[in-house]
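First comes the structure, then the notes that go with it.
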Protein chains: 2
Amino acid sequence: MARQSYPGGMTTEVPQDAAAQDAEWLRLDRQICFSLHAASRAFNGVYRAVLEELGLTYPQYLVMLVLWEHGETPVKKLGEHLRLDSGTLSPLLKRLEAAGLVHRERSTRDERSVVVRPTEQGGALRARALRVPRRIAAATGLTPEEIRDLRTLLDRLTTALDTAAREGVPDRG
Amino acid sequence: MARQSYPGGMTTEVPQDAAAQDAEWLRLDRQICFSLHAASRAFNGVYRAVLEELGLTYPQYLVMLVLWEHGETPVKKLGEHLRLDSGTLSPLLKRLEAAGLVHRERSTRDERSVVVRPTEQGGALRARALRVPRRIAAATGLTPEEIRDLRTLLDRLTTALDTAAREGVPDRG
DNA sequence: CGCAATCAAGTTGTGCACAACTAAATGGCG
DNA sequence: CGCCATTTAGTTGTGCACAACTTGATTGCG
């Protein structure tokens with residue numbers, strides 16, 4: 001997995017003309033950075049438009065998707081599903097609760113835990129959300145196969161990146 | 001481009017058992033949503049770790065990449081390159097200026113425009129940034145071919161999504 | 001010319017992401 | 001039992017994204 005060959009036939013071994021190669025890498029990095037960043041925000045923008053009529057933001061929609069699929073869920077579990085910590089979830093859930101879509105209640109079995117469940121209104125929203133995914137898929141202009149490929153690639157990417165982040169990113173291969 | 005067939009052999013024509021299909025789509029949407037959202041944040045996390053020693057955030061790095069490649073650039077142009085508006089760029093540039101990395105000056109030719117250029121210190125930072133892309137690429141665990149494929153897919157995605165966002169996302173195909 | 005439309009940057013307000021921290025409950029161990 | 005490490009939510013502070021708005025400069029047209 002390590003030791004791959006790269007653009008100029010270069011390997012992760014110490015190259016001879018590192019400076020010139022580095023400059024080229026900087027250009028490539030700019031491109032991939034931009035692509036990913038732009039795609040992420042473009043996706044966000046389409047979801048924003050589609051979710052507007054539901055009164056949900058994109059992260060709020062993700063939370064509701066989990067609740068619709070699994071029902072009553074502790075904040076901790078929500079965080080694991082979504083890879084979000086309480087610093088993000090607490091205020092988000094507070095807003096969902098203020099909107100009357102979810103109910104939060106401290107567990108009696110373990111009073112550290114807070115259990116979140118959709119309210120009746122929150123459950124009813126699912127019916128209106130059902131047509132969202134089709135519209136998003138249409139907006140991507142990708143075939144189902146391409147969507148699947150993209151997802152596979154993204155999941156591999158996430159796993160690798162998370163591992164790298166945990167173990168530290170080496171300066172040289 | 002429109003009118004694609006989907007999972008159950010369904011087309012964008014009015015389907016017969018829309019409800020059951022919709023429920024399945026909701027599950028798929030949860031998956032692709034999560035994948036993209038997670039990948040985006042995982043990428044961000046790795047950049048955060050690598051850029052920490054440069055004292056840059058990820059968006060600040062993107063700005064510096066543009067400035068290193070093109071030199072003196074008006075805020076407007078920066079925004080076009082990065083697809084960011086002044087509401088994001090103004091405070092970001094203010095922080096970069098406070099850090100001594102860029103200089104901002106109102107153009108004398110057109111006093112609406114503000115021109116940004118790297119300071120000497122900002123230019124010097126490029127040397128230290130040169131090794132960043134290699135480390136990121138290593139962290140992805142992807143081959144150069146896969147990186148290229150990913151970029152192609154992401155660019156197509158962004159174009160399609162931006163078009164859909166501009167033209168409005170249809171409820172039914 | 002004079003004025004309305006346009007344009008660039010900046011400001012304000014809302015929401016998300018995340019690091020660092022606090023507070024309270026729990027569980028294990030001497 | 002009593003104490004401490006761990007766990008779970010929540011809070012605080014910083015920075016980004018974006019919509020809506022303000023301000024001031026420029027442009028174009030009657």
Side-chain angles (χ1 to χ4, degrees), chain A residues 33-34 36-49 51-52 55-64 73-80 82-99 102 104-116 162 165-166, chain B residues 33-34 36-49 51-52 55-63 73-80 82-99 102 104-116 162 165:
Chain A
C33 277
F34 287 4
L36 192 76
H37 207 61
S40 172
R41 284 182 297 120
F43 229 96
N44 223 298
V46 170
Y47 269 106
R48 186 195 317 280
L51 293 175
E52 190 172 27
L56 292 176
T57 66
Y58 181 44
Q60 288 168 5
Y61 172 66
L62 294 180
V63 167
M64 293 308 295
T73 309
V75 172
K76 182 77 192 321
K77 280 286 177 196
L78 270 179
E80 287 169 6
L82 300 167
R83 292 166 179 270
L84 291 173
D85 66 10
S86 66
T88 299
L89 284 175
S90 287
L92 188 157
L93 291 171
K94 196 181 291 184
R95 281 185 287 271
L96 282 180
E97 187 168 46
V102 307
R104 285 188 302 167
E105 199 164 18
R106 205 158 274 276
S107 165
T108 48
R109 286 176 39 82
D110 183 345
E111 291 198 4
R112 291 172 303 181
S113 176
V114 168
V115 171
V116 185
D162 281 352
R166 251 196 319 282
Chain B
C33 276
F34 287 5
L36 191 78
H37 207 61
S40 172
R41 284 182 298 121
F43 229 95
N44 223 299
V46 170
Y47 269 106
R48 186 194 317 280
L51 292 175
E52 189 172 28
L56 291 176
T57 66
Y58 181 45
Q60 287 168 6
Y61 171 67
L62 294 179
V63 167
T73 308
V75 172
K76 181 76 192 322
K77 279 284 177 196
L78 269 179
E80 288 169 7
L82 300 167
R83 293 167 180 267
L84 291 173
D85 65 10
S86 66
T88 300
L89 284 175
S90 288
L92 188 158
L93 291 170
K94 196 181 289 184
R95 282 185 287 270
L96 281 180
E97 187 168 46
V102 307
R104 285 190 300 168
E105 199 165 19
R106 205 159 273 276
S107 165
T108 49
R109 286 175 39 83
D110 183 345
E111 292 199 3
R112 291 172 303 180
S113 175
V114 167
V115 171
V116 186
D162 281 351

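Any value given below was found using the heavy atoms of this structure, including those in side chains, with hydrogens, waters and symmetry copies removed. Not measured: the values here are computed from a predicted model.
- Taking atom CG of residue A:Leu78 and atom C1' of nucleotide D:dA9, one finds them 13 Å apart after rounding to whole Å.
- Of the candidates C:dA24, C:dA8, D:dA9, D:dA9 carries the atom nearest the A:Lys76 side chain, counting heavy atoms from C-beta on.
- A:Ser40 meets the side-chain hydrogen bond (donor to acceptor under 3.5 Å, both in side chains) test with B:Ser40; sequence neighbours excluded.
- Remark: P of C:dG10 and CG of B:Leu89 are 9 Å apart, rounded to the nearest angstrom.
- Pairing each heavy atom of B:Arg104 with each of B:Ser90, the nearest pair is NH1-O, 3.9 Å.
- When the side-chain contact (heavy atoms from CB on, under 4.5 Å) test is applied to B:Pro91, the partners found at least two apart in sequence or on another chain are B:Arg95.
- Comparing B:Pro59 and B:Thr108, the nucleotide of DNA chain D nearest to each residue sits closer to the 5' end for B:Pro59.
- One atom, CG of B:Leu51, and another, P of D:dG15, lie 15 Å apart when rounded to the nearest Å.
- C:dC7 atom P lies 12 Å from atom CG of B:Asp110, rounded to whole Å.
- Remark: A:Glu105 engages A:His103 in a side-chain contact (heavy atoms from CB on, under 4.5 Å) (not counting sequence neighbours).
- Computed from coordinates, the B:Phe43 CZ to C:dA17 P distance equals 18 Å when rounded to whole Å.
- Across D:dT26, D:dT7, D:dA9, the shortest atom-to-atom separation from the side chain of A:Val75 is found for D:dA9.
- Residue B:Glu111 has its side chain nearest to D:dT26 when only D:dT26, C:dA9, D:dG15 are considered.
- Judged as a salt bridge (charged side-chain N to carboxylate O under 4.0 Å, His left out), and not counting sequence neighbours, B:Asp85 has no contacts.
- Each of D:dT11, C:dA25, C:dA17 was ranked by its minimum atom distance to the side chain of A:Ser90; first place goes to D:dT11.
- Ionic pairing of A:Glu97 and A:Lys94 is not present here: no N-O contact between side-chain nitrogen and carboxylate oxygen is shorter than 4.0 angstrom.
- Rounded to whole Å, the distance from CD on A:Gln60 to P on C:dT14 is 14 Å.
- B:Thr57 comes within 4.0 angstrom of the backbone, heavy atoms only, and of no base.
- Atoms CG (A:Leu93) and C1' (D:dT8) sit 13 Å apart, rounded to a whole Å.
- Atom CZ of A:Arg106 is separated from atom P of C:dT26 by 10 Å (rounded to the nearest Å).
- Here A:Leu92 lies in heavy-atom contact (under 4.0 Å) with sugar-phosphate atoms only.
- Listed pair B:Lys77 / C:dA8 fails the phosphate criterion, with no side-chain N or O lying under 4.0 Å from OP1 or OP2.
- Using a 4.0 Å cut-off, no side-chain N or O of A:Ser113 falls inside it from OP1 or OP2 of D:dT7.
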Taking only N/O atoms, report every protein-nucleotides 18-21 of chain D pair under 3.5 Å with atom names and distance.
unit_1: D:dC18; atom_1: OP2; unit_2: A:Arg41; atom_2: NH1; d: 3.1

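- The salt bridge (charged side-chain N to carboxylate O under 4.0 Å, His left out) check on B:Arg48 picks up nothing, with sequence neighbours excluded.
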